[in-house]
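One structure is given below, encoded as structure tokens.
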Amino acid sequence: MNETMVAVVGNVATQPVYRELATGASTRFRLAVTARYLDREKNVWTDGHTNFFTVWANRQLATNATASLNVGDPVVVQGRLKVRTDARDGQPRTSVDIDAVAIGHDLARGTSAFRRAKPGEVVTASGVGPGPGSGAGAGDSGQPEPDWETPVADAGAQRRAEPAMVT
């Protein structure tokens, strides 16, 4: 079956809602996408129409999205587009959903720090912890976690200028 795959860039409009279902974890949130265009007469960028999508994430993506996303975060969502029409109070309504395959912060508009959960651990908003039913040290290789932080240079230290590339 042919499915319509989309990649949408926008802002998280509602706090993600997490549910544990019989089929696994599920999270939904609303995504606001506003087109911007250059008004050539005024020479300023202008906001166009805002579209809202309901984004659905399942299984591990749902857990990680709930722990990582907050209202206002700029994100990129890739997934299957689903358009439905139904009637509420006698009025036809159209809803547009995205079944997410991937969700990530939009690094063109800010920075993000990635944390990988070890096998058997669950990522939550407060950090990484042991997963349900895992004992102490589950998934632990006995090796300490490497320090991935970049050391801060001394305030008095001078940076050497990088040579420009010559072609």
Side-chain angles (χ1 to χ4, degrees), residues 1-36 50-84 95-155 157-163 165:
M1 176 174 141
N2 292 331
E3 296 178 325
T4 304
M5 296 295 288
V6 294
V8 183
V9 179
N11 292 318
V12 177
T14 61
Q15 192 63 34
V17 177
Y18 179 82
R19 298 280 188 260
E20 194 65 49
L21 305 173
T23 56
S26 180
T27 295
R28 70 173 163 75
F29 64 92
R30 299 280 285 163
L31 180 70
V33 179
T34 303
R36 288 182 56 91
T50 300
N51 293 305
F52 288 90
F53 300 93
T54 301
V55 178
W56 293 91
N58 297 303
R59 295 175 290 286
Q60 190 62 44
L61 180 59
T63 304
N64 293 342
T66 302
S68 301
L69 301 179
N70 292 300
V71 174
D73 285 355
V75 294
V76 179
V77 176
Q78 181 185 13
R80 290 175 287 280
L81 186 67
K82 307 284 184 181
V83 180
R84 292 177 304 190
S95 61
V96 183
D97 297 351
I98 299 173
D99 289 336
V101 173
I103 302 171
H105 285 108
D106 182 0
L107 298 181
R109 297 193 281 163
T111 62
S112 186
F114 182 79
R115 279 190 321 253
R116 182 182 305 272
K118 295 179 184 175
E121 288 183 328
V122 175
V123 178
T124 64
S126 60
V128 179
S134 61
D140 188 9
S141 64
Q143 298 284 332
E145 181 68 22
D147 183 13
W148 297 104
E149 296 297 318
T150 304
V152 179
D154 290 343
Q158 297 257 339
R159 284 187 56 143
R160 187 171 48 110
E162 295 287 329
M165 187 171 98

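Here the structure is a predicted model, which is why all the values come from computation and not from measurement. The figures here come from the full heavy-atom set of this structure, side chains too, leaving out hydrogens, waters and symmetry mates.
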Under 3.5 Å, side chain of Asp106 to main-chain N/O of Ala108, donor-acceptor pair present? yes

Tell me, with the steps shown, if Val101 and Met5 meet side-chain contact (heavy atoms from CB on, under 4.5 Å). CA-CA 9 Å; Val101 173; Met5 296 295 288; 4.0 Å; yes

Do Phe53 and Val6 touch side chain to side chain, with heavy atoms closer than 4.5 Å? no

Spacing of CZ belonging to Arg19 relative to OG belonging to Ser26, to within rounding of 0.5 Å: 9.0 Å

Quick check for you: to the nearest 0.5 Å, what is the distance between Phe52 atom CZ and Thr34 atom OG1? 7.0 Å

Locate the shortest heavy-atom distance separating Asp73 from Ser68; write the atom from each residue and the value. OD2-O, 3.7 Å

Search all heavy atoms of Ile98 against all heavy atoms of Gly79 and return the closest pair with its distance. CG2-CA, 3.9 Å

How about Arg80 and Thr4: do any of their side-chain heavy atoms sit closer than 4.5 Å? no

Flag side-chain contact, heavy atom, 4.5 Å: Arg28 against Asn58: no

Taking Asn64 for the side chain and Leu61 for the main chain, is one N or O donor matched with an acceptor at less than 3.5 Å? no

Mind listing the closest non-hydrogen atom pair of Ala25 and Thr63 along with its distance? CB-OG1, 3.9 Å

Looking at Ala62 and Thr27, what are the two nearest heavy atoms and their distance? O-OG1, 3.0 Å

Please identify which of these residues, Leu31, Leu81, Asn51, meets the side-chain contact (heavy atoms from CB on, under 4.5 Å) condition with Val96. Leu81

Test log, rule side-chain contact (heavy atoms from CB on, under 4.5 Å), inputs Ile103 and Val76: CA-CA 6 Å; Ile103 302 171; Val76 179; over 6 Å; no

Tell me, yes or no, whether the heavy-atom count around Arg36 atom CZ, taken from other residues, nucleotides or ligands under 6.0 Å, exceeds 12. yes

Which atoms form the tightest heavy-atom contact between Val75 and Val12, and what is the distance? CG1-CG2, 3.9 Å

Distance-only polar pair, side chains of Thr54 and Arg30, donor-acceptor under 3.5 Å: yes

How close do Gly10 and Arg109 get, heavy atom to heavy atom, and via which atoms? O-NH2, 3.2 Å

Measuring only between side-chain heavy atoms, which start at C-beta, is Leu69 closer than 4.5 Å to Phe29? yes

